[in-house]
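Here is the structure we will look at, set down as structure tokens.
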Amino acid sequence: MSDCLFCGIIDGTIKADIVYRDETVLAFKDIVPRAPVHILIIPRAHIATISDLAPADGTLVGAIFFAAAKLVEEFGIAESGYRVVVNCGPDAGQTVLHLHYHLLGGRQMGWPPG
Ligand code: AMP
Ligand code: ZN
């Protein structure tokens, strides 16, 4: 999608600190980190929210979680703990309409989330 920020990161027109890439997924550091480790994992395909996923996207969703599993090892938070969050829609505070999984870690987190 031409007017999508994260599609711009995928096609290289917008710079990002990319920490993981494969044929399905891209991951990069959040520009406003909310924790010592704050990475966004996104599908290369433009999908707006979880609500827009199709049954055929199961492999894509799995690839996102496998990327998360690799990243928590690489960033040293596999043992200390981490959180994966997907904000969908206005009440959840989604600001970028390209599905993204926040991977957060490196500090104690509260529950429930705000
Ligand atoms: P959400 O509020 O769940 O839609 O999350 C969007 C996230 O994208 C926020 O945490 C922003 O800090 C992050 N963000 C926005 N622009 C960029 C960018 N150019 N590079 C990296 N992260 C970004
Ligand atoms: Zn997009």
Side-chain angles (χ1 to χ4, degrees):
M1 261 198 137
S2 58
D3 61 346
C4 172
L5 176 66
F6 288 173
C7 284
I9 290 175
I10 289 161
D11 70 22
T13 54
I14 295 168
K15 293 266 172 293
D17 188 350
I18 294 169
V19 292
Y20 177 83
R21 67 175 90 224
D22 64 27
E23 62 278 6
T24 312
V25 164
L26 194 71
F28 50 92
K29 292 187 179 175
D30 196 293
I31 204 167
V32 185
R34 305 293 186 175
V37 177
H38 187 174
I39 293 166
L40 301 176
I41 308 171
I42 68 172
R44 288 183 182 272
H46 181 88
I47 297 168
T49 76
I50 285 175
S51 306
D52 299 298
L53 287 166
D57 294 321
T59 304
L60 177 157
V61 173
I64 288 170
F65 281 105
F66 283 122
K70 286 182 187 155
L71 286 162
V72 297
E73 291 291 343
E74 184 182 335
F75 282 83
I77 56 171
E79 302 303 325
S80 54
Y82 53 91
R83 188 172 286 172
V84 179
V85 176
V86 184
N87 295 321
C88 295
D91 276 1
Q94 184 178 12
T95 57
V96 180
L97 285 175
H98 182 128
L99 181 64
H100 50 283
Y101 289 57
H102 295 259
L103 173 61
L104 299 144
R107 66 166 171 80
Q108 186 70 50
M109 281 175 249
W111 189 263

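One-based numbering, in listed order, for ligands and for the atoms of each. Remember, it's a predicted structure, so these values are computed and weren't measured experimentally.
- Heavy-atom distances between A16 and ligand 1 stay at or above 4.0 Å for every pair.
- The shortest N or O to N or O distance between Q94 and ligand 1 is not under 3.5 Å.
- When only interatomic distances are considered, the shortest N/O to N/O separation between T95 and ligand 1 falls below 3.5 Å.
- Transitive grouping of hydrophobic side chains (ILVMFWY, heavy atoms separated by less than 4.5 Å) keeps L97 and I50 in distinct clusters.
- Every atom of ligand 1 with a heavy atom of F6 under 4.0 Å away is listed here by number and element: 8 (O).
- Cluster membership for I47 and Y101, using ILVMFWY side-chain heavy atoms within less than 4.5 angstrom, is shared.
- The single protein non-hydrogen atom nearest to atom 7 (C) of ligand 1 is D30 OD2, 3.5 Å, given as residue, atom name and distance.
- Any N or O atom pair closer than 3.5 Å counts here, and F28 shares no such pair with ligand 1.
- By the criterion of side-chain heavy atoms lying less than 4.5 angstrom apart, applied directly or through intervening Ile, Leu, Val, Met, Phe, Trp or Tyr residues, F65 is not grouped with L26; the two fall into different hydrophobic clusters.
- When only non-hydrogen protein atoms are considered, atom 5 (O) of ligand 1 lies nearest to H100 NE2, 3.0 Å.
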Please step through side chain to side chain contact (heavy atoms under 4.5 Å, CB included) for the pair H102 and V84, ending with a clear verdict.
CA-CA 5 Å; H102 295 259; V84 179; over 6 Å; no

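- Counting protein heavy atoms only, atom 16 (N) of ligand 1 is closest to L5 CD2, 3.3 Å.
- With ligand atoms numbered from 1 in the order given, ligand 1 contributes 4 (O), 6 (C) to contacts under 4.0 Å with heavy atoms of V96.
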Could you walk me through whether F75 and I39 pass the side chain to side chain contact (heavy atoms under 4.5 Å, CB included) check?
CA-CA 10 Å; F75 282 83; I39 293 166; 3.6 Å; yes

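- In this structure, ND1 of H46 and ND1 of H98 enclose an angle of 110° at the Zn ion (ligand 2), rounded to 10°.
- Look at K29 and you'll find a heavy atom under 4.0 Å from some atom of ligand 1.
- Around atom CZ of R21, no more than 12 heavy atoms belonging to other residues, nucleotides or ligands sit under 6.0 Å away.
- At least one heavy atom of H102 sits less than 4.0 Å from an atom of ligand 1.
- V86 and Y20 fall within the same hydrophobic cluster, where Ile, Leu, Val, Met, Phe, Trp and Tyr residues are linked whenever their side-chain heavy atoms come under 4.5 Å apart, directly or through other members.
- Atom CZ of R83 has more than 12 neighbouring heavy atoms from other residues, nucleotides or ligands inside a 6.0 Å radius.
- Of all atoms in ligand 1, listed by their number and element, those nearer than 4.0 Å to a heavy atom of V32 are 12 (O).
- Considering backbone and side-chain N/O of L40, none are found under 3.5 Å from N/O of ligand 1.
- Environment of OH in Y82: sparse, with no more than 12 heavy atoms of neighbouring residues, nucleotides or ligands closer than 6.0 Å.
- At a threshold of 4.5 Å between side-chain heavy atoms, the hydrophobic network of Ile, Leu, Val, Met, Phe, Trp and Tyr places L71 and V85 in two separate groups.
- The shortest contact between atom 23 (C) of ligand 1 and any protein heavy atom is with I31 CG2, 3.4 Å.
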